[in-house]
There are 2 protein chains.
Amino acid sequence: MIKLKEVAELASVSTATVSRVLSNTGKVTKKTRQKVLAAMEELNYQPNFLGRQLRRMETKTILVVVPDIANTFFSKVLRGIESVAIKNGYQVLMGDSQNNGQSESQYLNHLRYKQVDGVILLTARTDPRLIEDLSDDYPVVLACEYLEGSRIPTVSIDNISSARKITDHLIKLGHRRIAHISGPMNIILGRDRLKGYEQAMTQNSCEIDQVLVQEGDFSYESGYKSMEKYLALQNPPTAVFAANDEMAIGAIKAIKKHHLSVPNDIAIAGFDDIDMASILEPELTTVAQPTFEIGSTAMELLLCLMKKEQLTKKQYVLEDQLMVRHSCGANKM
Amino acid sequence: MIKLKEVAELASVSTATVSRVLSNTGKVTKKTRQKVLAAMEELNYQPNFLGRQLRRMETKTILVVVPDIANTFFSKVLRGIESVAIKNGYQVLMGDSQNNGQSESQYLNHLRYKQVDGVILLTARTDPRLIEDLSDDYPVVLACEYLEGSRIPTVSIDNISSARKITDHLIKLGHRRIAHISGPMNIILGRDRLKGYEQAMTQNSCEIDQVLVQEGDFSYESGYKSMEKYLALQNPPTAVFAANDEMAIGAIKAIKKHHLSVPNDIAIAGFDDIDMASILEPELTTVAQPTFEIGSTAMELLLCLMKKEQLTKKQYVLEDQLMVRHSCGANKM
DNA sequence: AGTTCTATTGTAATCGATTACATTTTGAAT
DNA sequence: ATTCAAAATGTAATCGATTACAATAGAACT
């Protein structure tokens with residue numbers, strides 16, 4: 001493998017000069033630059049970035065930890081991250097934690113071991129203290145998820161109010177016996193969306209039947225199973241708000257299995273607005289998050305952290321949007 | 001930041017000994033090991049892997065380039081890769097090329113720059129010569145995709161025979177006017193599935209109407225648009241074989257939009273068996289690839305390449321499986 | 001030509017860990 | 001106690017690039 005020193009020899013200059021040409025730093029005359037470039041060309045020189053990274057103590061790479069890469073919601077956030085990262089000379093790598101806290105914390109170790117300069121977490125299933133501690137020493141930004149009372153820079157929507165908004169929507173359509181398929185209760189996201197549901201129910205004097213709150217895990221399967229439970233009740237709900245679209249899709253599948261109709265027999269609302277939400281029939285009423293913007297904002301924040309700039313604002317709460325489609329009966333199909 | 005040298009000082013041993021404890025190589029007595037571990041603990045030492053990587057000239061990291069991370073087909077292949085990688089002490093990083101050859105070739109540079117030890121490509125949209133050349137110097141494995149007459153180790157199914165098989169299935173159900181929504185013609189995968197379709201048609205003396213072969217790009221949207229074209233024909237097809245499930249789903253959407261029924265009016269078959277294939281109604285008849293096995297086999301091959309072992313076999317063709325569901329009318333719903 | 005200042009280039013230390021080779025320690029056998 | 005081999009540990013070079021600092025070349029001016 002050709003190394004910088006050999007290029008220097010062929011071009012009859014010092015390694016310093018070659019390095020200056022390579023990384024475009026410092027002054028080099030046009031003539032020597034040409035000479036060096038020619039030598040690189042001739043030798044087909046491929047720089048070993050490990051050398052640079054070790055010396056500069058930076059990798060120009062960031063890591064995004066995603067709970068589920070197959071979910072289009074997260075892949076859109078990623079697009080936002082990438083657009084800002086590339087513009088600033090950073091590479092983006094992805095880690096799929098598969099909704100697993102342990103796997104998540106392993107990805108975090110990449111920071112400690114100097115494999116990446118910063119991390120954007122789209123999931124926070126591992127011990128919150130671990131994340132807090134890490135963010136004392138390294139650049140970490142949380143997006144979509146957040147931690148209560150944390151000083152970690154965060155970009156997200158107001159999950160409570162969004163959940164309240166979509167539950168309100170169901171209530172306005174005349175539903176009073178509304179069930180909720182929640183996210184995991186050990187995750188804030190899950191708790192917040194439940195809280196929004198409860199607030200809407202209480203504010204509209206709808207009774208909250210504890211049987212109508214089943215805990216899911218954001219997976220299609222858990223949505224399906226929870227819905228089966230509701231359908232087995234003597235007095236099933238007339239509407240269901242699922243804490244994400246995948247579970248909502250699972251619920252719809254279960255309802256169809258029982259030869260019932262969405263929205264005529266049971267209305268379904270989701271959360272996230274994944275691609276499938278508008279493909280599936282009936283098209284899913286859901287809450288759209290500003291995915292691209294969440295990603296780009298998170299990356300901007302991370303850039304500031306990596307430059308050790310003072311952040312003027314640490315918590316960004318972006319606007320969501322209620323997507324009224326056909327699964328709740330508000331729009332005719 | 002604490003470094004190895006400081007640990008050595010605190011433990012009153014040499015850096016060599018600390019390194020031996022750290023990387024579990026060579027002999028160290030239990031007593032000194034304890035001493036070193038205690039010192040590491042006390043200083044909260046976090047090794048900088050860049051040092052090790054530079055010295056050993058390996059990163060113990062591999063990169064998987066995926067054309068579309070949001071597609072569950074690829075995320076399942078990834079699971080297979082990861083399972084073997086982790087067992088062998090390798091980290092897996094993902095790059096999303098977004099079906100873009102240029103982005104793909106940028107990810108390949110990570111090899112040249114020594115950022116990763118090997119690459120598994122689940123896409124081959126960039127210049128084949130570039131990939132060939134790279135694989136002369138570095139460990140590269142191709143999975144799902146392949147290159148004609150290439151010496152690059154490859155794991156895939158026989159796309160031609162699979163496509164023939166599913167087209168045969170449609171023909172056996174009585175269809176003769178069958179359309180194909182193909183993948184991109186600049187990709188072998190697309191050409192192979194088309195070839196399989198043509199073979200089945202010809203062998204069964206079905207006329208191949210060139211109007212009934214539209215080129216898509218594996219996206220939902222292109223499936224939708226192609227189907228719209230077929231529906232606008234005076235004599236639309238009675239069945240459509242789409243070169244992947246996403247396009248098949250797009251086609252179904254278009255059919256439903258026209259208030260027609262799948263499979264009663266038009267039968268639809270897909271390819272890949274993504275999660276949505278069995279969720280959507282009607283459930284999609286498609287070809288299931290052994291995703292996990294493709295991934296694990298590809299990783300095994302890559303391990304051999306990285307160990308510079310001689311490969312006994314370079315081309316692995318795995319068995320696919322026809323998944324007969326409801327979108328072609330073979331099974332009653 | 002000589003002086004001064006600046007622009008360019010070179011020398012060598014450096015980043016943090018690993019490891020070839022040298023040295024010391026240990027323990028068993030005599 | 002002595003010898004010797006094996007085991008443990010230490011010393012210092014090394015990986016490949018970057019960069020602080022030193023040295024030199026070049027330009028501009030008198």
Side-chain angles (χ1 to χ4, degrees), chain A residues 1-40 43-61 89 109-117 137, chain B residues 1-37 39-40 43-61 89 109-117 137-138:
Chain A
M1 211 85 300
I2 306 300
K3 47 171 141 169
L4 186 141
K5 206 174 158 190
E6 301 168 53
V7 175
E9 277 159 17
L10 181 62
S12 358
V13 295
S14 70
T15 59
T17 301
V18 177
S19 172
R20 281 188 272 256
V21 171
L22 183 64
S23 52
N24 254 308
T25 55
K27 299 278 174 124
V28 183
T29 45
K30 200 174 270 182
K31 219 175 68 184
T32 39
R33 158 166 280 113
Q34 294 305 336
K35 229 178 7 176
V36 170
L37 289 175
M40 286 180 172
L43 295 171
N44 188 27
Y45 170 65
Q46 310 283 355
N48 181 334
F49 281 170
L50 290 173
R52 172 187 295 185
Q53 291 173 0
L54 178 58
R55 176 64 219 240
R56 291 199 180 154
M57 289 291 259
E58 63 171 17
T59 60
K60 283 283 174 186
T61 302
N109 282 334
H110 286 236
L111 270 179
R112 295 217 162 85
Y113 302 153
K114 308 290 177 310
Q115 300 289 90
V116 296
D117 297 343
D137 299 331
Chain B
M1 211 84 302
I2 305 300
K3 49 171 140 168
L4 186 141
K5 206 173 158 191
E6 300 169 51
V7 175
E9 277 159 16
L10 181 61
S12 359
V13 294
S14 72
T15 59
T17 302
V18 177
S19 172
R20 281 188 272 257
V21 172
L22 184 64
S23 53
N24 254 309
T25 55
K27 300 275 173 128
V28 182
T29 43
K30 197 173 273 183
K31 220 175 67 184
T32 40
R33 161 167 276 112
Q34 294 305 335
K35 229 178 9 177
V36 170
L37 289 175
M40 285 181 173
L43 295 171
N44 186 29
Y45 169 66
Q46 311 283 355
N48 181 334
F49 280 170
L50 289 173
R52 171 187 298 184
Q53 291 174 0
L54 178 58
R55 176 63 219 240
R56 301 227 251 232
M57 286 293 258
E58 64 171 16
T59 59
K60 283 285 176 184
T61 303
N109 282 332
H110 287 236
L111 270 178
R112 296 219 162 84
Y113 301 154
K114 309 292 177 309
Q115 300 288 90
V116 296
D117 298 343
D137 299 330
Y138 303 95

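On a predicted model such as this, the values are computed, not experimentally measured, just so you know. So that the names make sense, note that chain A is the first sequence line, chain B the second, and so on, each numbered from 1.
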Peer 1: How far does CD of E9(B) sit from CD of E6(B), to the nearest 0.5 angstrom?
Peer 2: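 Answer for the CD-CD pair, E9(B) versus E6(B), is 7.0 Å.
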
Peer 1: What's the spacing between L43(B) CG and L10(B) CG if we round to 0.5 Å?
Peer 2: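 If I round to the nearest 0.5 Å, the distance is 5.0 Å.
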
Peer 1: State, to 0.1 Å, how close Y45(B) and K3(B) come at their nearest heavy-atom pair, and which atoms those are.
Peer 2: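 Shortest heavy-atom separation between Y45(B) and K3(B) comes out as CE1-C, 3.6 Å.
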
Peer 1: What is the separation between atom CZ on R33(A) and atom C1' on dT9(C), rounded to the nearest whole Å?
Peer 2: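 After rounding, the reported distance stands at 14 Å.
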
Peer 1: Bend angle of the helix from dA1(C)-dT30(D) to dT30(C)-dA1(D) from five-pair axes at both ends, rounded to 10°?
Peer 2: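 End axes: 40° apart.
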
Peer 1: Looking at T15(B), is its backbone amide N or carbonyl O close enough to the side chain of S19(B) to form a donor-acceptor pair, meaning the two atoms are under 3.5 Å apart?
Peer 2: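 Absent.
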
Peer 1: Output the distance between atom CZ (R56(B)) and atom CZ (F49(B)), rounded to the nearest 0.5 Å.
Peer 2: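 Rounded to the nearest 0.5 Å, the CZ-CZ separation comes out at 9.0 Å.
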
Peer 1: Rounded to the nearest 0.5 Å, how far apart are CG of L54(B) and CG of L54(A)?
Peer 2: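 Rounded to the nearest 0.5 Å, the CG-CG separation comes out at 6.0 Å.
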
Peer 1: Please encode protein proximity along nucleotides 16-26 of chain C as a string of B, S and -, counting only heavy-atom distances under 4.0 Å.
Peer 2: BSBB-------

Peer 1: As an exercise, state the distance from CD of Q46(A) to CG of D137(B), rounded to the nearest 0.5 Å.
Peer 2: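 That separation rounds to 8.5 Å.
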
Peer 1: Nearest 0.5 angstrom please: K27(B) NZ to R33(B) CZ, how far?
Peer 2: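 Between K27(B) NZ and R33(B) CZ, I get 11.0 Å after rounding to 0.5 Å.
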
Peer 1: Where do V7(B) and M40(B) come nearest, in terms of heavy atoms and distance?
Peer 2: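 The pair with the smallest heavy-atom distance is CG1-CG, 3.7 Å.
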
Peer 1: Mind listing the N/O atom pairs, protein and nucleotides 22-28 of chain D, below 3.5 Å?
Peer 2:
none

Peer 1: Using the side-chain contact (heavy atoms from CB on, under 4.5 Å) rule, pick out the option among L50(A), T59(A), N48(A) that qualifies with Q115(B).
Peer 2: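 Going through the options one by one, the only one that passes is L50(A).
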
Peer 1: Whole Å only: how far is the CD atom of Q115(B) from the P atom of dC15(D)?
Peer 2: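 Atom CD in Q115(B) sits about 19 Å away from atom P in dC15(D).
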
